[in-house]
2 protein chains.
Amino acid sequence: MRATALSLASLPARPHKTADLAPGTPAAVVTAPPPRRPRGRPRKTAQERSDGNRRRQLMDGAAQLFRSKGFAATGTRDIAAAAGMHSGSPFYHFASKSALLFAVMNEGMASAVQSQQQALAVLAPQAPARECLRVLIRHHFEVLLGPRSSFIAVMLYEWRSLTPVQRRRIALVKDSYEAAWMPALTALGQQGLLQAEPGVARLFIFGALNWAVQWFAPDKGKSLDELTEQALALFIHAG
Amino acid sequence: MRATALSLASLPARPHKTADLAPGTPAAVVTAPPPRRPRGRPRKTAQERSDGNRRRQLMDGAAQLFRSKGFAATGTRDIAAAAGMHSGSPFYHFASKSALLFAVMNEGMASAVQSQQQALAVLAPQAPARECLRVLIRHHFEVLLGPRSSFIAVMLYEWRSLTPVQRRRIALVKDSYEAAWMPALTALGQQGLLQAEPGVARLFIFGALNWAVQWFAPDKGKSLDELTEQALALFIHAG
DNA sequence: CCTACCGATCGGTAGG
DNA sequence: CCTACCGATCGGTAGG
């Protein structure tokens, strides 16, 4: 019975080859696919590696390659090799290299928005604005410099490699991520703890934090907690 | 006589085809070529367009293309066309596409260091640190967002496209540019006007300012003067 | 998901 | 600085 299941799995049903907003595709809402956790105990064997996991493996490899070499300098053959495939196989899962870039960015932003909401939900309802900003900064560092950071780094530095249509779609998710910062920033402004206009402050603050992907070295220098305190001290005046 | 000069100029002596630190070239000090202003009244005619000016035209076009499309996505044929040349001609002036990238970055950083020194020289010898920082920020915005901004933008966002040897060379110039900020930042720290550690503050501040290349729109939104005041207000606490 | 392949484009060169 | 060209590589596809 086990062998049968395996042999069936080795001939997987054709997975969804989504266009993922390749150039010219009309816009529609795309979110991260539901985790669809299986009922039984999870398997990490060859079984696990086939199916739809290959799609995620391609995205993981692509995210790292796009980050380190850039989108244009990364070949689809490199991506295939990173996922243990041969040259033409990525196109079985993604309609184009561009669709793969979009999938990486969309996955990165969608999960960032989700974890941001979870981080904010832990706050007390009447928490001071300074505390809210601390949570936002700390979470942002996690997303930006943590173990899955490639997805967001690609987002930040390969923006121009997107088609206009793809750009608009990602911008929607990005806007909602950034909008979550405004209540805290305007409150701090009203309290006199933030001396720049909130809109400009937001741009400067995101720049300061995002730039960390250029210089941050894990296991060396400051921790993410320490960086959070330093950033707070820099932006928020004595209260 | 004029015709003679023109016809002579149309057969220019072979210009210096510098390697400009193509991969593997050993390091040596490289600065912007001296302006060598000619004695007589300047000409803007066809004469002007030949000679060594072609080299600068290639760098100008390459800087803009590298900025808007990225280094890897820019073809040498695009660069040639931007300078009004045919496909193979850029290699008469630069040993490789990589050498052209290096030349763009080196020119950008060298002129930034130079104009920075000029900006600081205008300050009174005992000017307060806050005033010094204002000059540095204002000058940085000029370099970053002004008419020659492509050179520095390429510097910032194509770092990974350099070879390790090229990277080390540019890093030397960049270090001297950034080092000029430290006296003002440490002084402000001692005065209690800068609440983060000076070294970390420098990284955050550069990030905040550099990020402006992503969102700044000339002739729309704030002026460079206004942005300078907003940045100062954000970083430097009430004094 | 592999194999074999296509047309296009790329950086760079020789020879003038 | 142009012309003509080279070998390599690229994204993508057909057919299984």
Side-chain angles (χ1 to χ4, degrees), chain A residues 6-20 22-24 46-47 49-58 61-62 65-66 69-103 161 163, chain B residues 7-17 19-20 22-24 46-47 49-58 61-62 65-66 69-103 161 163:
Chain A
L6 277 173
S7 64
L8 279 179
S10 68
L11 279 178
R14 186 174 187 82
H16 43 274
K17 173 176 178 173
T18 56
D20 282 314
Q47 162 93 8
R49 295 186 47 233
S50 42
D51 304 78
N53 275 51
R54 310 309 300 252
R55 192 181 153 88
R56 185 169 304 246
Q57 286 173 23
L58 280 169
L65 287 165
F66 289 162
K69 303 175 56 173
F71 174 73
T74 300
T76 56
R77 285 161 177 81
D78 301 330
I79 299 169
M85 296 176 183
H86 288 262
S87 71
S89 303
F91 299 99
Y92 178 67
H93 297 276
F94 293 92
S96 65
K97 187 187 172 190
S98 172
L100 186 42
L101 174 66
F102 176 81
S161 300
T163 68
Chain B
S7 63
L8 279 178
S10 68
L11 281 178
R14 186 175 186 81
H16 43 272
K17 174 178 178 172
D20 282 315
Q47 162 92 10
R49 295 186 46 233
S50 42
D51 304 79
N53 276 51
R54 310 308 301 254
R55 192 180 153 88
R56 185 168 304 246
Q57 287 173 21
L58 281 169
L65 287 164
F66 289 162
K69 304 175 54 174
F71 174 73
T74 300
T76 56
R77 285 160 177 83
D78 302 331
I79 299 170
M85 297 175 183
H86 288 262
S87 70
S89 302
F91 298 98
Y92 179 68
H93 297 278
F94 292 92
S96 66
K97 188 188 174 190
S98 172
L100 185 43
L101 173 65
F102 176 80
S161 300
T163 68

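Chain letters run A, B, ... following the sequence lines, proteins first, then strands; residues in each count from 1. Computed from a prediction, not measured in an experiment: that's the story for all the values here.
- With sequence neighbours excluded, the residues forming a side-chain contact (heavy atoms from CB on, under 4.5 Å) with A/Ala72 are B/Ala72, B/Ala73, listed by chain and number.
- If you take OH of A/Tyr92 and P of C/dC1, they are 7 Å apart, rounded to a whole angstrom.
- Rounding to whole angstrom units, CZ of residue A/Arg54 and P of C/dC1 are separated by 4 Å.
- Rounded to an integer number of Å, the gap from CD of A/Gln57 to C1' of C/dC1 is 13 Å.
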Under-3.5 Å N/O pairs linking protein and nucleotides 9-12 of chain C:
unit_1, atom_1, unit_2, atom_2, d
C/dG11, OP1, B/Thr74, O, 3.2
C/dG11, OP1, B/Lys97, NZ, 2.8
C/dG11, OP2, B/Thr76, N, 2.7
C/dG11, OP2, B/Thr76, OG1, 3.1
C/dG11, N7, B/Arg77, NH1, 2.8
C/dG11, O6, B/Arg77, NH2, 3.0
C/dG12, OP2, B/Lys97, N, 2.7
C/dG12, O6, B/Arg77, NH2, 3.4

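- The minimum heavy-atom distance between B/Ala99 and B/Ala95, with the atom names listed, is CB-N, 4.3 Å.
- Helical stems involving DNA chain D, defined as 3 or more consecutive Watson-Crick or G-U pairs under 3.5 Å, span C:1-16 with D:1-16.
- The side-chain hydrogen bond (donor to acceptor under 3.5 Å, both in side chains) analysis of residues 71-86 of chain B, with sequence neighbours excluded, yields the pairs B/Lys69-B/Asp78.
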Just do the side-chain contact (heavy atoms from CB on, under 4.5 Å) check on A/Ile79 and A/Phe66 with the steps written out, would you?
CA-CA 9 Å; A/Ile79 299 169; A/Phe66 289 162; 3.8 Å; yes

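- For the pair A/Met85 CE and C/dC2 C1', the interatomic distance rounds to 11 Å; values are reported in whole Å.
- Residue pairs meeting the salt bridge (charged side-chain N to carboxylate O under 4.0 Å, His left out) criterion with at least one member in residues 85-98 of chain B, sequence neighbours excluded, do not occur.
- Scored by the side-chain hydrogen bond (donor to acceptor under 3.5 Å, both in side chains) test, A/Ser161 finds A/Glu158 as partners (sequence neighbours excluded).
- B/Arg55 contributes no side-chain N or O that, together with a main-chain N or O of B/Phe94, makes up a donor-acceptor pair within less than 3.5 Å.
- Scored by the side-chain contact (heavy atoms from CB on, under 4.5 Å) test, B/Ala80 finds B/Met85, B/Pro90 as partners (sequence neighbours excluded).
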